[in-house]
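Naming convention: chains lettered A, B, ... in sequence-line order (proteins, then strands); numbering from 1 in each chain.
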Amino acid sequence: NVHVALLSLEPKSLSPIDWSMSDVVSYFTAAGFPEQAAAFRTQEIDGKSLLLMQRSDVLTGLSIKLGPALKIYEHHVKALQKIHFEVEEL
Amino acid sequence: NVHVALLSLEPKSLSPIDWSMSDVVSYFTAAGFPEQAAAFRTQEIDGKSLLLMQRSDVLTGLSIKLGPALKIYEHHVKALQKIHFEVEEL
Amino acid sequence: NVHVALLSLEPKSLSPIDWSMSDVVSYFTAAGFPEQAAAFRTQEIDGKSLLLMQRSDVLTGLSIKLGPALKIYEHHVKALQKIHFEVEEL
Amino acid sequence: NVHVALLSLEPKSLSPIDWSMSDVVSYFTAAGFPEQAAAFRTQEIDGKSLLLMQRSDVLTGLSIKLGPALKIYEHHVKALQKIHFEVEEL
Amino acid sequence: NVHVALLSLEPKSLSPIDWSMSDVVSYFTAAGFPEQAAAFRTQEIDGKSLLLMQRSDVLTGLSIKLGPALKIYEHHVKALQKIHFEVEEL
């Protein structure tokens with residue numbers, strides 16, 4: 001899931017740390033959550049903020065439906081953070 | 001409780017991982033919570049999301065009454081997750 | 001406190017596991033919380049649900065005032081759960 | 001802070017366990033929080049409830065501003081509980 | 001980030017413990033969060049309260065957008081607390 005969504009972004013944007021708010025919206029739209037993607041812009045979440053999000057922030061701080069929120073956190077936010085911090089360690 | 005409710009579903013749906021939102025609603029209706037079942041659809045919860053739910057998600061994220069919510073989590077969501085992850089391990 | 005309130009209930013109802021919603025309301029009325037007792041009925045809490053309640057459920061899930069809620073949890077819900085699980089272990 | 005506020009109360013009231021709701025209001029008024037003191041009465045908090053309060057109860061359960069709430073918990077509620085439980089142990 | 005923002009304050013104000021509410025507002029304005037700075041004044045947060053803030057207080061207690069809140073906590077509140085408690089230990 002993460003890789004398909006990443007492919008939709010510009011090559012320079014492979015690490016979330018440099019994503020703009022628009023990159024975040026593009027990512028979640030490409031990931032299959034077009035309705036929820038707008039909530040990230042409303043809450044002014046860029047790549048740096050995305051890397052700081054915890055489970056409860058995604059579930060209650062975005063005012064999105066619980067079902068998609070659970071998948072967004074588990075399959076995307078957590079996965080992107082894992083990728084980022086693994087790359088950091090290299 | 002879980003087994004009676006499971007019997008009401010289609011045979012192909014024995015693992016929550018493949019349940020659609022309608023299967024989730026059918027399960028909780030059969031489990032004795034017809035009024036609360038609709039909240040799972042409102043929050044767009046399919047089987048994959050159901051397997052990711054924690055106690056506080058059921059109690060506060062579904063906007064259902066506390067009494068039924070406590071039983072739904074303890075006797076159903078937790079039980080279904082246990083069955084799923086035990087089957088996973090085989 | 002718990003024992004005085006228990007005495008007001010029917011002899012068959014000494015274990016919360018079998019309490020109806022009305023038994024729960026009677027218990028908290030007898031325990032000195034007539035105003036808060038109604039909130040348990042509103043939230044459809046019977047004895048089985050009562051045994052599953054945690055501190056935050058009583059404090060924020062019942063929409064009752066904080067002062068009485070703190071005493072209801074500490075001196076009653078917790079105490080009833082302790083009695084129940086001690087009897088269970090015999 | 002705690003000692004100055006305690007001096008404003010009646011001598012019989014040195015342990016929060018016996019404080020009425022009015023004693024609680026008097027204490028927080030004397031402690032420099034006259035605006036927030038009323039919230040303790042609104043939530044029907046006497047000395048026994050005060051001794052049961054946790055950080056999140058003070059911060060979100062009283063509907064008072066965050067700045068004063070942080071000081072009320074850290075410098076007063078926590079301190080009063082410490083004094084009480086130290087006296088208890090003698 | 002912290003150092004640039006600190007430079008905008010008066011020399012006497014290098015430790016948050018002595019900051020007034022206005023110093024807190026000046027700090028977050030200088031730190032690049034002019035829109036969010038006002039929320040600290042609304043919640044009556046001076047330097048002493050700032051040193052007591054936890055992650056959830058910043059994220060949900062200030063009623064500010066989630067993206068900026070995550071950065072304010074992680075890069076500023078946490079960093080200022082670290083500086084303060086390190087200086088304390090000398």
Of B:Ser56, B:Gly67, B:Ala69, the largest count of non-hydrogen pairs under 4.5 angstrom with chain C goes to B:Gly67
Would you name the heavy atoms of B:Arg55 and C:Leu52 that are closest together and state the gap between them?
NH2-O, 2.9 Å
Taking C-beta and beyond as the side chain, do B:Lys71 and C:Asp46 meet within less than 4.5 Å on heavy atoms?
yes
With a 4.5 Å heavy-atom cut-off, do C:Glu44 and B:Leu66 have their side chains touching?
no
Out of curiosity, B:Lys65 NZ to C:Thr42 OG1, how far, rounded to the nearest 0.5 Å?
6.5 Å
Sub-4.5 Å side-chain heavy-atom contact between C:Lys48 and B:Glu74:
no
